[in-house]
Amino acid sequence: GVVVLAIAGGCALLAAAYLQPLSLGLCLAAIPIIVFYPACKRFFPVPQLVLSLAWSFAVLVPWAALTQNLARPAWELAAAVLVWTLGFDTIYALNDREDDVRVGIRSSAIFFGDRTPVVIGLCFAIAAALLGIVGRELDLVWPYWGAWAIAVVLWGRQYQQLRGGGPIPAGQMFQENAIAGGVLLLGAVGDSLWQAIFLS
């Protein structure tokens with residue numbers, strides 16, 4: 001474990017040497033959040049929110065590295081990642097809710113209780129709205145919007161499953177969100193290629 005940590009740390013330092021000040025500062029700002037996350041399950045009521053905040057830096061750091069600024073779409077995209085992560089990691093926490101209660105670990109699925117499906121649905125709705133706003137502000141075209149529509153349909157279906165009252169396939173739904181992320185990535189790449197080839 002120590003060897004892996006040392007190798008990972010060395011690679012991170014090597015990569016950091018190529019970052020400009022803004023993105024490097026964001027990397028340093030994310031470190032306390034990442035370190036804090038494993039321990040916060042013992043006392044913070046919604047530890048998934050801490051994880052979500054850490055994930056949002058995965059938007060801000062590369063955006064700053066590429067553009068040397070943090071324009072409004074960067075913050076909107078980071079916020080979309082935050083609420084989306086909170087939603088799908090809360091789904092994952094549903095698997096462990098009984099065990100977490102027994103051992104005294106906190107989670108969003110415990111904190112929100114019976115309101116958990118509504119909170120997850122709200123997270124997905126906000127993420128969809130923010131991704132739509134980003135698409136409009138950046139003048140993205142049909143590959144992105146096709147991927148966005150697929151993700152919205154998936155999130156809507158998952159919300160209906162959660163509200164249905166039957167068994168919740170939390171592991172499967174968590175994996176489906178990973179697929180939604182891949183679809184959105186392909187949509188963004190497809191948008192860039194389409195605009196470069198046909199609209200430049």
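We use all heavy atoms of the structure for the numbers below, so side chains are in, but hydrogens, waters and symmetry mates are not.
Looking at heavy atoms from C-beta onward, Arg42 lies in side-chain contact with Ile105 at the 4.5 angstrom threshold. Two residues are said to be in side-chain contact when any heavy atoms from C-beta on lie closer than 4.5 Å; Leu186 and Val189 fail this criterion. Using a 4.5 Å heavy-atom cutoff, the side chains of Asp100 and Arg97 are not in contact. Side-chain contact check for Cys27 versus Leu19: some heavy-atom pair is nearer than 4.5 Å. Inter-residue side-chain proximity for Trp155 and Asn177 is flagged as met; some heavy-atom pair is nearer than 4.5 Å. Counting heavy atoms from C-beta outward, Phe124 and Val83 have side chains that stay 4.5 Å or more apart. Put simply, the side chain of Leu130 does not reach to within 4.5 Å of the side chain of Val81, judged on heavy atoms. In this structure, Thr116 and Phe111 have side chains that are not in contact, with every pair of non-hydrogen atoms separated by 4.5 Å or more.
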Stepwise side-chain contact (heavy atoms from CB on, under 4.5 Å) check, Gln158 with Ile120 | CA-CA 9 Å; Gln158 290 194 343; Ile120 293 171; over 6 Å; no
Determine, stepwise, if the pair Phe174 / Asn95 fulfils side-chain contact (heavy atoms from CB on, under 4.5 Å).
-> CA-CA 10 Å; Phe174 184 84; Asn95 270 334; over 6 Å; no
side-chain contact (heavy atoms from CB on, under 4.5 Å) between Val134 and Leu138, intermediate numbers included | CA-CA 6 Å; Val134 169; Leu138 298 181; 3.7 Å; yes
Run the numbers on Thr90 and Val119 for side-chain contact (heavy atoms from CB on, under 4.5 Å), then give the verdict.
-> CA-CA 9 Å; Thr90 297; Val119 172; 5.9 Å; no
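Taking all atoms of both residues into account, the shortest heavy-atom contact from Gln68 to Ala65 is NE2-O, 2.8 Å. Considering every non-hydrogen atom in both Tyr159 and Val118, the closest pair reads CE1-CA, 4.1 Å. The two atoms that bring Ser108 and Pro47 nearest to each other are N-CD, 4.3 Å, heavy atoms only. Scanning all heavy atoms of the two residues, the minimum distance from Val46 to Phe44 falls at O-CE2, 3.1 Å. Contact between Ala128 and Val152 at its shortest, heavy atoms only, is CB-CG2, 3.8 Å. Closest of all the heavy-atom pairs between Trp84 and Ala127 is CB-CB, 3.9 Å.
Counted by atom type alone, Asp191 and Trp142 present zero donor-acceptor pairs between their side chains at under 3.5 Å.
A continuous path of Ile, Leu, Val, Met, Phe, Trp and Tyr side chains, each step under 4.5 Å between heavy atoms, connects Ile197 with Val141, placing both in one hydrophobic cluster. No path of Ile, Leu, Val, Met, Phe, Trp and Tyr side chains, each step under 4.5 Å between heavy atoms, connects Val4 with Val35, placing them in separate hydrophobic clusters. Hydrophobic clustering, with ILVMFWY side chains joined whenever heavy atoms are under 4.5 angstrom apart, groups Leu184 together with Leu60. Linking Ile, Leu, Val, Met, Phe, Trp and Tyr whenever their side-chain heavy atoms come within less than 4.5 Å puts Ile33 and Tyr37 in one cluster. Cluster membership for Leu185 and Leu77, using ILVMFWY side-chain heavy atoms within less than 4.5 angstrom, is not shared.
For the atom pair Ile150 CD1 and Leu154 CG, the distance stands at 9.5 Å (nearest 0.5 Å). Distance check: Ile34 CD1 to Leu51 CG gives 9.5 Å after rounding to the nearest 0.5 Å. Between atom CG of residue Leu199 and atom OG of residue Ser192 there is a gap of 11.0 Å, rounded to the nearest 0.5 Å. One finds the OG atom of Ser107 at 8.0 Å from the CG atom of Leu94 (value rounded to the nearest 0.5 Å). The CZ atom of Arg163 sits 8.0 Å away from the CD atom of Gln160 when rounded to the nearest 0.5 Å. The SG atom of Cys40 lies 9.0 Å from the CG atom of Leu49; values are rounded to the nearest 0.5 Å.
Distance alone, capped at 3.5 Å, is enough to place a donor-acceptor pair between the Ser52 side chain and the Leu86 backbone. Checking side-chain atoms of Asp139 against main-chain N and O of Gly135 turns up no donor-acceptor pair under 3.5 Å. Side-chain N or O atoms of Trp55 include none that pairs as donor or acceptor with a backbone N or O of Thr85 at under 3.5 Å. In this structure, the side chain of Arg106 does not engage the main chain of Lys41 through any donor-acceptor pair within 3.5 Å. Checked by atom type and distance alone, the side chain of Trp63 never pairs as donor or acceptor with a backbone atom of Leu70 at under 3.5 Å.
Ring geometry for Trp148 against Trp145 counts as perpendicular: the plane angle is over 60°, on a 0 to 90° scale with 30° as the lower cut.
Residues Glu98 and Arg102 are not paired through a salt bridge, judged by the lack of any N-O separation under 4.0 Å between the basic side chain and the carboxylate.
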